[in-house]
Amino acid sequence: MKRLAIYIVMCGASLQAAVEFDEIYGDGMVLQRGREIEVRGSTDTPGEAVTVSFNGQKVKAAMKGNRWVAKLKPMEANATGQELVASQKSGSAAVQNVVVGEVWLASGQSNMLWRLNQTPGNKETIAKSDNVNFRFYHSEPQVHTSPPRYDANLLKRVQEKRMYEGGWAVSSPATSPRMSAVAYYFGQALQRELNVPVGVIHVSLGGSNMLAWIPRSVVRREYPGCQGSDWVKSKYASAWVRGRAQQNVGPGGDFSLHPYAPSYLYETGVEKWEGFPVAGTIWYQGESDAEILDNDQNKKLLKDVITSWRDKLGNPDMAFLQVQLPRINDKAPLRAYWPEFRQVQAEVADELPGVGCVVTLDLGSTNSDVHPPRKVEVGERLAATALKEVYDRDVAAYGPEVAGFKVKGNKVEVRFKHAEGLRTTNGAAPVGFELAGSNRQYAPAIAELAGDKVILTADEIKSPRYMRYGWAVFLNPNLVNEADLPAAPCPETDGKVQKKGKKGKKKKN
């Protein structure tokens with residue numbers, strides 16, 4: 001009799017497992033409001049119809065082999081956790097506590113990966129992290145690039161593309177400590193202001209280059225010579241990235257089996273989310289690619305990340321908010337071209353609609369640490385930009401931006417956008433401005449505040465023609481507006497600052 005009971009239980013478990021959701025669907029997840037939702041999975045009994053039920057909807061799935069896809073109609077935000085069910089005649093599967101709200105993707109390299117429990121004041125933050133309306137999918141990297149040499153187990157994991165492990169969780173002191181700090185502060189701030197459930201999907205890796213985040217179809221078309229192991233010899237692999245790959249894989253190794261290989265991180269971390277609606281992406285990356293002084297190349301890489309993600313995620317208007325590289329007090333060649341990379345980031349934001357560039361020049365390290373500790377402000381500035389540009393909220397999101405200048409004798413009068421309450425944080429004169437004549441030989445400028453303008457002079461420059469601001473790897477900037485937001489770096493300009501770009505469509509929610 002006992003054997004029969006066991007057999008019945010085992011058969012019941014088998015039937016229940018006949019239909020399954022894909023791994024991105026899990027208890028506590030958030031679905032994007034206002035968008036058609038694709039729900040996917042597989043079944044051991046493809047001859048039976050699959051029906052998906054959620055929030056009053058009941059939809060028959062389309063079948064292709066043992067795969068099924070159902071599409072739920074757009075829904076309004078709903079903070080009441082509900083059951084998402086996929087059912088067949090022979091069994092069913094359910095995902096519990098599913099809510100509807102705003103979903104964002106967070107990605108990049110180590111400054112996005114940097115955990116909440118690694119940041120100053122984390123004990124108090126973690127203790128207060130209970131928020132049933134903030135949820136996240138944290139993808140935990142199983143292979144990093146800091147060990148000097150991968151052993152057989154790590155190489156096998158990379159080869160099998162078992163790069164990340166993760167799942168959905170509701171924010172609490174038990175679940176938040178390993179969450180990305182930037183993504184945590186971003187998501188919590190967004191949730192407070194929107195007052196709807198917010199979910200953040202996090203997937204990043206320390207030191208990662210842009211090429212690793214671009215889909216393979218785009219790499220094949222746009223980046224010849226980057227297939228297989230050859231990528232490590234290409235012009236797209238910075239010296240640091242190349243050296244780290246050689247350390248990890250070893251002489252004569254297969255460099256296609258490395259996390260920085262083209263498309264690898266996209267395929268292991270992002271590809272499974274294709275077709276899953278998200279409102280936008282926050283992106284903190286560039287420290288690795290900035291070693292290469294080639295603005296055209298870096299702009300193309302960054303644009304290809306953005307446009308390919310928009311295409312693959314099925315949202316051509318998806319917001320993409322990047323963290324502009326901060327300052328760093330490091331004279332190593334690896335950091336020499338950070339000003340140029342900041343320019344790349346700003347220009348891409350100007351040229352592509354729906355792309356933002358959040359200034360953090362004041363938040364970087366005062367030493368050579370590439371991981372500045374102030375993640376709170378980074379996350380909250382990203383949230384403010386999202387609130388203003390995506391959700392049409394009346395919030396302060398921008399610091400002063402150079403709008404042009406006039407030359408009056410040996411003086412230059414600089415005017416700004418977003419300059420309400422222009423001031424310095426320490427009451428001293430503004431720093432970081434430089435002037436040059438027609439020979440483009442720059443000299444530090446003496447700056448003086450004049451209402452919402454700044455007046456510049458330089459003893460060495462009698463006939464100024466060019467100006468720039470914040471053009472340094474490291475400085476202590478002090479120019480802000482009334483919202484305490486820092487002035488944006490300005491590359492060389494002759495006074496005619498023209499922004500080509502435009503912002504994307506705003507959703508009023």
Side-chain angles (χ1 to χ4, degrees), residues 23 105-115 118 137-166 178 180 182-183 201-220 223 225-274 281 283-292 298 301-302 304-305 308-309 312 334 370-371:
E23 65 175 296
L105 184 61
S107 189
Q109 53 186 102
S110 57
N111 275 305
M112 184 63 83
L113 182 60
W114 205 252
R115 302 190 305 268
Q118 293 175 297
Y137 187 109
H138 171 57
S139 303
E140 184 79 27
Q142 301 303 299
V143 181
H144 295 271
T145 66
S146 51
R149 185 69 52 82
Y150 289 162
D151 60 20
N153 290 330
L154 287 177
L155 285 173
K156 184 179 180 182
R157 181 176 280 275
V158 174
Q159 183 177 24
E160 294 175 351
K161 295 189 173 180
R162 295 182 291 117
M163 181 68 192
Y164 292 101
E165 292 182 1
R178 297 191 68 82
S180 156
V182 168
I201 300 161
H202 166 246
V203 54
S204 57
L205 185 68
S208 55
N209 49 328
M210 287 186 280
L211 202 60
W213 294 104
I214 297 175
R216 194 163 300 274
S217 58
V218 178
V219 172
R220 285 173 177 160
Y223 300 91
C226 287
Q227 305 303 312
S229 286
D230 289 342
W231 74 270
V232 81
K233 304 174 186 176
S234 76
K235 65 177 183 177
Y236 304 103
S238 69
W240 186 91
V241 166
R242 182 182 300 112
R244 188 54 65 93
Q246 290 170 338
Q247 276 186 337
N248 298 149
V249 177
D254 184 355
F255 292 109
S256 67
L257 299 181
H258 192 274
Y260 297 163
S263 309
Y264 185 86
L265 295 177
Y266 179 83
E267 291 176 345
T268 56
V270 181
E271 189 175 69
K272 62 187 176 184
W273 298 98
E274 288 183 358
T281 293
W283 176 258
Y284 195 157
Q285 193 275 346
E287 296 92 334
S288 295
D289 290 289
E291 185 179 8
I292 298 174
N298 284 327
L301 285 162
L302 183 52
D304 282 344
V305 170
S308 66
W309 284 27
K312 296 294 188 180
L334 177 62
V370 75
H371 304 119

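Basis for what follows: all heavy atoms, side chains included, without hydrogens, waters or symmetry-related copies. Just so you know, these numbers come straight off a predicted model, no measurement behind them.
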Within this structure, what is the [atom1]-[atom2] distance for the pair [X] and [Y], rounded to the nearest 0.5 Å?
X: Gln285; Y: Ser107; atom1: CD; atom2: OG; value: 8.5 Å
X: Arg162; Y: Asn153; atom1: CZ; atom2: CG; value: 8.5 Å
X: Glu160; Y: Leu257; atom1: CD; atom2: CG; value: 10.5 Å
X: Gln247; Y: Arg149; atom1: CD; atom2: CZ; value: 8.5 Å
X: Ile214; Y: Leu265; atom1: CD1; atom2: CG; value: 11.5 Å
X: Ser288; Y: Leu205; atom1: OG; atom2: CG; value: 9.5 Å

For the pair [X] (side chain) and [Y] (backbone), establish whether a donor and an acceptor sit closer than 3.5 Å, ignoring hydrogens and angles.
X: Arg244; Y: Gly207; result: no
X: Asp289; Y: Met210; result: yes
X: Trp240; Y: Glu291; result: no
X: Ser180; Y: Leu113; result: no
X: Glu165; Y: Gln142; result: no
X: Asn111; Y: Val370; result: yes

>> Under the criterion side chain to side chain contact (heavy atoms under 4.5 Å, CB included), I'd like the reasoning laid out for Gln227 against Val219: C-alpha separation, chi angles, the key distance, then a yes or no.
In response: CA-CA 8 Å; Gln227 305 303 312; Val219 172; 3.7 Å; yes
> With sequence neighbours left out, which residue pairs that include part of residues 261-272 fulfil the salt bridge (Lys or Arg N to Asp or Glu O under 4.0 Å) condition?
Replying inline: Glu23-Lys272, Lys161-Glu267, Arg216-Glu267
Please give me the minimum heavy-atom distance between [X] and [Y], naming the atom from each residue.
X: Asp151; Y: Leu154; value: OD1-N, 2.8 Å
X: His144; Y: Pro147; value: O-CD, 3.8 Å
X: Gly108; Y: Ser204; value: O-CB, 3.2 Å
X: Gln109; Y: Ser208; value: OE1-O, 3.2 Å
X: Cys226; Y: Tyr236; value: SG-CD1, 3.5 Å
X: Ser308; Y: Val305; value: OG-O, 3.2 Å

>> Could you check whether any side-chain heavy atom of Tyr266 comes within less than 4.5 Å of a side-chain heavy atom of Glu274, counting everything from C-beta outward?
In response: yes
>> Taking the side chain as everything from C-beta on, heavy atoms only, tell me whether Trp283 gets closer than 4.5 Å to Leu302.
In response: yes
> Can you check whether Trp309 and Trp273 have ring centres sitting under 6.0 Å from each other?
Replying inline: no
> Applying the side-chain contact (heavy atoms from CB on, under 4.5 Å) test to Trp213, which of Asp304, Val203, Leu301 qualifies?
Replying inline: Val203
>> Run the side chain to side chain contact (heavy atoms under 4.5 Å, CB included) test on Phe255 and Lys233 for me, step by step, so that the C-alpha distance in whole Å, both residues' side-chain angles and the decisive distance to 0.1 Å come before the verdict.
In response: CA-CA 10 Å; Phe255 292 109; Lys233 304 174 186 176; over 6 Å; no
> Excluding sequence neighbours, so at least two apart, what forms side chain to side chain donor-acceptor pair (under 3.5 Å) with Arg115?
Replying inline: Asn117
> Quick one: side chain to side chain donor-acceptor pair (under 3.5 Å) pairs with a partner in residues 249-265, sequence neighbours left out?
Replying inline: Thr145-Tyr260, Ser229-Asp254, Asn248-His258, Asp254-Ser256
> Parallel, tilted or perpendicular for His371 and Trp114, by the 30°/60° rule?
Replying inline: parallel
